[in-house]
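A short worksheet on the structure shown next.
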Amino acid sequence: MAQETTYPKRYKFKESQEKWIKYWKDEGIYKFDINAKGEIFSIDTPPPFVSGTLHLGHILNHSWIDFVARYNKMKGRNVYFPQGYDCHGLPVELAVEKKYGISQHQRDEFLEKCIEWVEQNINNMTKQYDDLGYSTDWDFTYRTMKDDYKFKIQWSLLYFYEKGWLYREKFPTHFCVNCETSVAKAEVGYYEEPGKLWYLKLPIVGREDEYITIATTRPEYMEACVGVFIHPNDERYYHLSAAEVEIPMTDRTVRIEMDRNVDMNFGTGIVYCCTYGDELDIKWKINYDLDEIQIFTEDGHMNENSIYQGMTILEAREQILKDLDERSLVEKIEDYEHRVVIHSERSSCRKPIEYLPVYQWFINVKDFTDEIIESGNIMNWYPEKHKQRLIDWCEGVDWNWVISRQRVFGTPIPFWYCKECNEIIPPRVEDLPLDPVKTPPPVDKCPKCKSKNLLGEKDVCDCWIDSSITPLAIAKWLEDDDFFEKTYMKAKVHRPQGYEIIRTWLFYTLFRCKKLTGKAPFYETMINGMVAGPDSRKMSKSFGNIVSPDEVMPEFGADAIRQWAAMGSLGDDYPFEYTWIELQTKQPVSEDKIKEEMEKLPEDKFNKKYRRRFEQLIGASRFLTKIWNAYRFLGLNLNKFEISDINIDKNLLSVIDNYFYSEFNKNLELITKYFDEYNWHEAFTIVRPFFWNEICDNYIEAIKYKFYLEEQETREWALKNALNLFYKMLTIFAIIMPFISEEIYSNMYKKFKNLKSIHLERWPTPYENISEELAEKGKFGIDIIKILRNYKSKHQIPLNQEITRVIILSDKNKHEIINDLKEDIKNTIRIKNLEIYEKNQEDKIKDKPDSKEIIDELGIIFYFSL
RNA sequence: AGGAGAGUCUCCUAGCAUAGUUAUGGAACUUCCCUUACGAGGAAGACUACGUCGGUUCAAAUCCGACCUCUCCUACCA
């Protein structure tokens, strides 16, 4: 007697997940061995920012990445699949300030706490990855905040400096003159303030007593005015084209320019550009190559470029208005609801923000966009259409990359500079990584001006500086030459990512890696879209359409959620569907009603009354149940036998086996083709119906009767053949549903296969030498079975009820086929007496039953009697 | 404001460069049957969609133009 295995009625995904996550870890199923067989295929996965939790966008993206990893492994490649974390960023600083109540000015302690906070978040996110069934090898994880990572970053910056691509220059930034610090865009807010709009007259050069009038909320910028703009379509001002105007309180004149960015409906439709008034001013300064005249100091006073030197900005405003008024240059004053940019998000400051130029570090990318396009062109794009985003972006780049951020938690920019002459002092390679704020420069005086006033840069790097060398970091660049050679230089490197960061992550990675190694980093890229809510708008709190993975994972499990991911389409946005259900009536409730109720009811009451129904996941769970039951059925029968293998013998295949094996071959070819293109959606829409409607509904139904036969050999072969086919399907399932596949494998197949895990298995091969002639016959048999089953159904006969007598009449050439399949037809449909004749024998049949059906497309006539 | 991608039935999705029967395939849905691998299964069914408006054409989801909506990006949140 075979060893008894028990087959629980339901698949318990929770226990299964827990068990296999541990097993995979203990047994090292996903370990990467660089010396293993197969071409090395590296996956440069996106390091998520360490917010502390993965969202559904990550789930979509990383499920796909896991499909890529598992599929390529099965195809025999040696897949290198690490997963790292992007640690630096303003949100970390904000969280630490809030949680520990310390400020960035207590630098050392602050940084320590940042690291602590990040580590906690990483723990949680790592668990979420494991719960998803993510097959990364955690031995190769990385963190952008670690020294080994920083070393590579700083080394690359030094290299860029030596090549002359890295430089330091003044550039405007949001600056709080109250706190005397640069602030991030995320730290500024707006608030509405009743203010004034001043209409000021600027004299036109060479035309006596002619003026143009500009409207401004910031008259104190007048002295910094370097340009005046009007809209090219503005009919009121056609006569002003190319005119010049005088700037009051200065001895300068400026040209009037036409620009489409002007808002014709604001003020007079004429706007003055004061370098750094707002973001538009900055854009104009760059596009029109305007001078910059700085009139403010970093502590909010007027500087030496202003006749109001020493006054605060507000004092200067009052004074200049008086002075302009004296010269009759103030046309009128209006009340105006003014949107003021203030320092609101991080401090209690709430004072207005100014744009001030400070020294920033730059990397020259403008001169290398052709090279980036080339690196993009040699890659395979899935889907192709998103390549255009990269090309368009490259072609439009007209400024260089500002890499410095006035933050503290980031990779230090490893340079010093001379306070007197701004000479840059680079570090020695052997001293990297370092923090120039804490480490003295390698020289004691400026090599250019001999000054001893050398300062370490306290700015840190833009996050994209960290993340745009991930392909090098994972390949142990500068660390292990052999590893680097094998996993980068000679490997196929796959880059999966969302389309929204093509212009950042992909762009900068293509640029830097090519420059640093001479080799374009990627063999191919797979692009995912954004996850939206059911209203196909992005998930956001204000729309109330957010779903968190933590909400659905415990209810449906990873295999179901991964099926949801598999149904998304390459490169397009993908909604996460749900409908609101009223719990009592179980009826769907409209979106509007829900919104109403949400506002009306307290949260707990609302939650008791309504619930979200996740249709996609319900469908996915049903499929898992179907797989589980097919397994149970085969398993229960396997319990009755002692078989030593599930190998097949071509000569012992039944006609029906032959047909389904042939169908499997055809479907496998399609599935493989779609997987090769990373088109999960199309692949899965073949896998699911093929398994469900063909293998379960037709194949298993048609061989079922054999399991109850007396004759051992037929029983055994029927089971073996079915187990063999099911196993091939299971290896395909393993990519999308790793847990249930492993569960079934371990219970039913492990004893026949010499593998610790199905995830070490190879992609299935087609059945060889399948006779198409026999397959045709099998198809014919299945068609007949379908018609008979249909007949029963139409006449409301229970499927398991026996029919007393069925007569099948066919053309001569079909007669023999039907005869061969007699047992299959008879037993599958449960017919007591099945008689088979050629059509020309119709007259000879005795006691023909009344019920008759003619099936033209099969060339068959049926008679039935219940 | 600009640039890019997208809009096909209740939901996903194919098709769209070389325009051509009745627009693909899934899920969900309804009715009947069944319940001995099946919180499952079987059979039938219907409804029925190319964002809007124009144009080119014998013929447009497909080509052209305008517009609308969504999403992403546009030098300090990733």
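Everything numeric in this text was worked out from a predicted model, so none of it was measured. Residue numbers begin at 1 in each chain, while the letters A, B, ... track the order of the sequences.
Of the candidates A:Ile403, A:Asp86, A:Ile501, A:Ile501 is the only one forming a side chain to side chain contact (heavy atoms under 4.5 Å, CB included) with A:Trp464. Each of A:Ile825, A:Asp783, A:Thr828, A:Ile803 was compared with A:Leu788 under the side chain to side chain contact (heavy atoms under 4.5 Å, CB included) criterion, and only A:Ile825 meets it.
The side chain of A:Thr625 places no N or O atom within less than 4.0 Å of a non-bridging phosphate oxygen (OP1 or OP2) of B:G39. The side chain of A:Trp692 contributes an N or O atom lying less than 4.0 Å from OP1 or OP2 of B:G41. Checking the phosphate oxygens (OP1, OP2) of B:A37, a side-chain nitrogen or oxygen of A:Lys704 falls inside 4.0 Å.
Only the C1' atoms considered, B:C16 is 16 Å distant from B:A49, to the nearest whole Å. Here the separation of B:C68 from B:G15, taken at their P atoms, is 29 Å to the nearest Å. Distance noted for atom C1' between B:C9 and B:G45: 16 Å (whole Å). B:A44 and B:G54 have their P atoms separated by 42 Å, given to the nearest Å. Straight-line distance between the C1' atoms of B:U24 and B:U8: roughly 11 Å, to the nearest whole Å. Using atom P as the reference point in both B:C50 and B:U62, the two lie 12 Å apart (nearest Å).
Residue-level contact check: A:Phe49 touches the backbone only, with heavy atoms under 4.0 Å from sugar-phosphate atoms and none from bases. Residue-level contact check: A:Asp86 touches the backbone only, with heavy atoms under 4.0 Å from sugar-phosphate atoms and none from bases. Nucleic acid contact for A:Arg405: base, since at least one base atom lies under 4.0 Å from a heavy atom of the residue. Using a 4.0 Å heavy-atom criterion, one finds that A:Glu500 contacts the sugar-phosphate atoms exclusively.
Note: CG (A:Asn528) to P (B:C72) measures 13 Å, nearest angstrom. Distance A:Glu682 CD to B:U13 P: 10 Å, rounded to the nearest Å. Rounded to whole angstrom, the span from the CG atom of A:Leu570 across to the C1' atom of B:A6 amounts to 14 Å. Atom CG in A:Leu788 sits roughly 19 Å away from atom P in B:C34 (whole-Å rounding). Residue A:Ile502 contributes atom CD1, which lies 11 Å from atom P of B:G5 at whole-angstrom precision. Atom CG in A:Leu90 sits about 7 Å away from atom P in B:A78, given to the nearest Å. In this structure, A:Arg789 places its CZ atom 16 Å from P of B:C34, rounding to the nearest Å. Rounded to an integer number of Å, the gap from CG of A:Leu54 to P of B:A78 is 18 Å.
Under the 4.0 Å criterion applied to side-chain N and carboxylate O atoms, A:Lys704 and A:Glu701 are assigned as salt-bridge partners. Using a cutoff of 4.0 Å between basic side-chain nitrogens and carboxylate oxygens, A:Lys385 and A:Asp572 are scored as salt-bridged.
Residue A:Lys385 is the one, among A:Asn400 and A:Lys385, whose nearest nucleotide of RNA chain B lies closer to the 5' end (criterion: closest heavy atom). Where A:Pro689 and A:Gln406 meet RNA chain B, the nucleotide closest to each residue was compared, and A:Pro689 sits on the side nearer the 5' end.
For A:Trp393, the side-chain atoms get nearest to B:C73 when compared with the rest of B:C73, B:U71, B:G5. Listed nucleotides: B:A37, B:C73, B:U13. Nearest to the side chain of A:Ile700: B:A37. Picking from B:G5, B:A37, B:A4 the nucleotide with the shortest atom distance to the side chain of A:Arg503 gives B:A4. Distances from the side chain of A:Val402 to the nucleotides B:U13, B:A4, B:A75 place B:A75 closest. Nearest nucleotide to the A:Pro575 side chain, out of B:C12, B:C72, B:A78: B:C12. Considering only side-chain atoms of A:Asp573, the nucleotide from B:U71, B:G39, B:C76 that sits closest is B:U71. Of the candidate nucleotides B:U13, B:C77, B:A37, B:A37 has the atom nearest to the side chain of A:Cys696. Of the candidates B:C77, B:C29, B:C76, B:C76 carries the atom nearest the A:Arg407 side chain, counting heavy atoms from C-beta on.
Taking a pair to require two hydrogen-bonding distances under 3.5 Å in either a Watson-Crick or a G-U wobble arrangement, B:U24 remains unpaired. Remark: B:U18 base-pairs with no nucleotide; criterion is Watson-Crick or G-U wobble with both hydrogen-bond distances under 3.5 Å. B:U31 and B:A43 make up a base pair, with Watson-Crick or G-U wobble contacts both under 3.5 Å. Nucleotide B:U74 is matched to B:A1 when pairs are restricted to Watson-Crick or G-U wobble geometry with both distances under 3.5 angstrom. Across every strand in view, B:C67 sits in a pair with B:G51 that passes the Watson-Crick or G-U test at under 3.5 angstrom. Figure legend. B:A61 is base-paired to no nucleotide; pairs are counted as Watson-Crick or G-U wobble with both atom distances under 3.5 Å.
At a cut-off of 3.5 angstrom, the base of B:G39 holds at least one donor-acceptor pair with the side chain of A:Arg10.
Remark: A:Arg168 is positioned above the aromatic ring of A:Tyr359, its terminal NZ or CZ atom under 6.0 angstrom from the ring centre and at most 45 degrees off the axis.
Relative orientation of the A:Tyr167 and A:Phe362 rings is parallel, given thresholds of 30° and 60° on the angle between their planes.
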